[in-house]
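Worksheet: one structure, shown below.
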There are 2 protein chains.
Amino acid sequence: MTQEQFARYSFLLDRTARKVKQYAQQQFKSGDFDVTVDQWLVLKNLSENGHLSQTELANLVFKDHPTLTRILDLLCKKGYVERVPHPMDRRSFQLHLTETGLAKVSALRPQILEIREKAWENLSDSDFQEFKRILDTIYQNLGGQELE
Amino acid sequence: MTQEQFARYSFLLDRTARKVKQYAQQQFKSGDFDVTVDQWLVLKNLSENGHLSQTELANLVFKDHPTLTRILDLLCKKGYVERVPHPMDRRSFQLHLTETGLAKVSALRPQILEIREKAWENLSDSDFQEFKRILDTIYQNLGGQELE
DNA sequence: TACCAATAATTAGTATGACAAATATATAAA
DNA sequence: TTTATATATTTGTCATACTAATTATTGGTA
């Protein structure tokens, strides 16, 4: 395999990642989910972890701080999330879902799992293991930190 | 494997694609390449295909038309690309690289191949085949067209 | 010819992503 | 205590993505 052919991994990766996000976003839209794909990622992580600061949440979802600030602005405006002042540290906030936010997560979770399945048709569990291994290797090659 | 674990493919994919682009962009910047990663993709495809229209180019690089319009605006402003009116169809342009653009592609191509190699450390040719197979399957599952 | 649908490109609006810089607050060091 | 440094978050800027709408032009057809 030539170096040229091989270097297409970056193109294929980018193209597929965009397609996956685009597909999900279209389904979100046609189902009137009222959140974007990235907003959902934030909501989901908040529902699974209580009282995170923005920095902690940013590390969980691998988004940088400015991006997360803006996503949270939107989620607060929609009434799904609240920024509660941290009792000991006036620089930071504790994030938590509102009642509406909790209800939204419960309502959307099963529907979104279903949407996510579509991409994996014709692929197996062992394909997933391979896929994860390769993606994680690339991520670490480029200086990313391991997950847990 | 639970449905939940499996659905993380979208998270891993997005995270890795962003890391790959970010890494390349940092190298581009430290090397004073004067183009972004996406602008490079456009220049590269123009150098390999003469006299494309914007629609044809958009299909090659899998970007939508508004995005491509803006990338071309920047590349024209930088003097690497020119929009030449199509002789038979006044709606469209034929795109071509300027002398400067051609020189830029020649200068950058080998350096960029080198940058791209970093991600693939510890991975093999057969990993690449697996990776490509899985990415292409996902892409087609979500309604994307096959390549050639 | 006149009309109508399709096509090429652009514009507008919103969201995300990367990076740099600014602000406020906390903590450690002199 | 004063100063310096570090941390949490926000703001600003530019580039990319997606959608919808707009403009100009083409081609087919009544």
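Quick note on labels: first sequence line is chain A, next is B, and so on, each numbered from 1.
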Comparing A/T36 and A/M88 on DNA chain C - which has the more 5′ nearest nucleotide | A/T36

Does A/R15 count as lying over the ring of B/Y139, i.e. NZ or CZ under 6.0 Å from the six-ring centre, within 45 degrees of the axis?
-> yes

Note: A/E99-A/K104 ion pair, threshold 4.0 Å (strictly below) | no

Under-4.0 Å side-chain N/O to phosphate OP1/OP2 contact, A/T55 with D/dT9 | yes

Is A/Q26 touching bases, backbone alone, or none of the nucleic acid, heavy atoms closer than 4.0 Å?
-> sugar-phosphate

Note: for A/L72 and B/P66 on DNA chain D, the residue whose nearest nucleotide lies more 5' is A/L72

Round to the nearest Å and state the distance from A/K19 atom NZ to D/dC18 atom C1'.
-> 12 Å

Under-4.0 Å side-chain N/O to phosphate OP1/OP2 contact, B/K77 with D/dA15 = no

How about B/E114: does its CD atom have over 12 heavy atoms from other parts shown lying under 6.0 Å from it?
-> no

Have a look at A/Q25 and say if it touches a base, only the backbone sugar-phosphate, or nothing, with a 4.0 Å heavy-atom cut-off.
-> nothing

Starting at atom OH of B/Y23, determine the distance to atom P of C/dG17, rounded to an integer number of angstrom.
-> 22 Å

Under 4.0 Å between any heavy atoms, over every strand shown, what does A/T67 touch: base, sugar-phosphate, or nothing? Just pick one.
-> base

On DNA chain D, check which nucleotide each of A/R70 and B/I71 is closest to and give me the residue with the more 5' one.
-> A/R70

Any side-chain N or O of B/Q54 under 4.0 Å from OP1/OP2 of C/dT7?
-> no

Can you tell me the distance, in whole Å, between the CZ atom of A/F93 and the C1' atom of D/dT7?
-> 14 Å

Quick one: label A/D89 by what it contacts on the DNA or RNA (base, sugar-phosphate, nothing), any heavy atom closer than 4.0 Å.
-> sugar-phosphate

Would you kindly give the CZ-to-P distance between A/R18 and C/dT16, to the nearest whole Å?
-> 17 Å

May I ask you to decide if the ring planes of A/W120 and A/F128 are parallel, tilted or perpendicular, using 30° and 60° as cut-offs?
-> perpendicular

Would you tell me if any nitrogen or oxygen in the side chain of A/K29 comes within less than 4.0 Å of OP1 or OP2 on C/dT14?
-> no

B/L68 CG to D/dC18 C1': how many Å, rounded?
-> 14 Å

Quick one: do B/D73 and B/R83 make a salt bridge, cutoff under 4.0 Å?
-> yes

Between B/W40 and B/F28, is the ring centre distance below 6.0 Å?
-> no

What's the NZ-P distance between A/K63 and C/dA18, to the nearest Å?
-> 8 Å

Grab the CZ-C1' distance between B/R91 and D/dT23 for me, whole Å please.
-> 12 Å

Touch check for A/D38, heavy atoms < 4.0 angstrom, all strands: base, sugar-phosphate only, or nothing?
-> sugar-phosphate

Contact class for A/T69 (heavy atom, under 4.0 Å): base, sugar-phosphate, or nothing?
-> base

How many Å lie between CG on B/D64 and C1' on C/dA8, as a whole number?
-> 14 Å

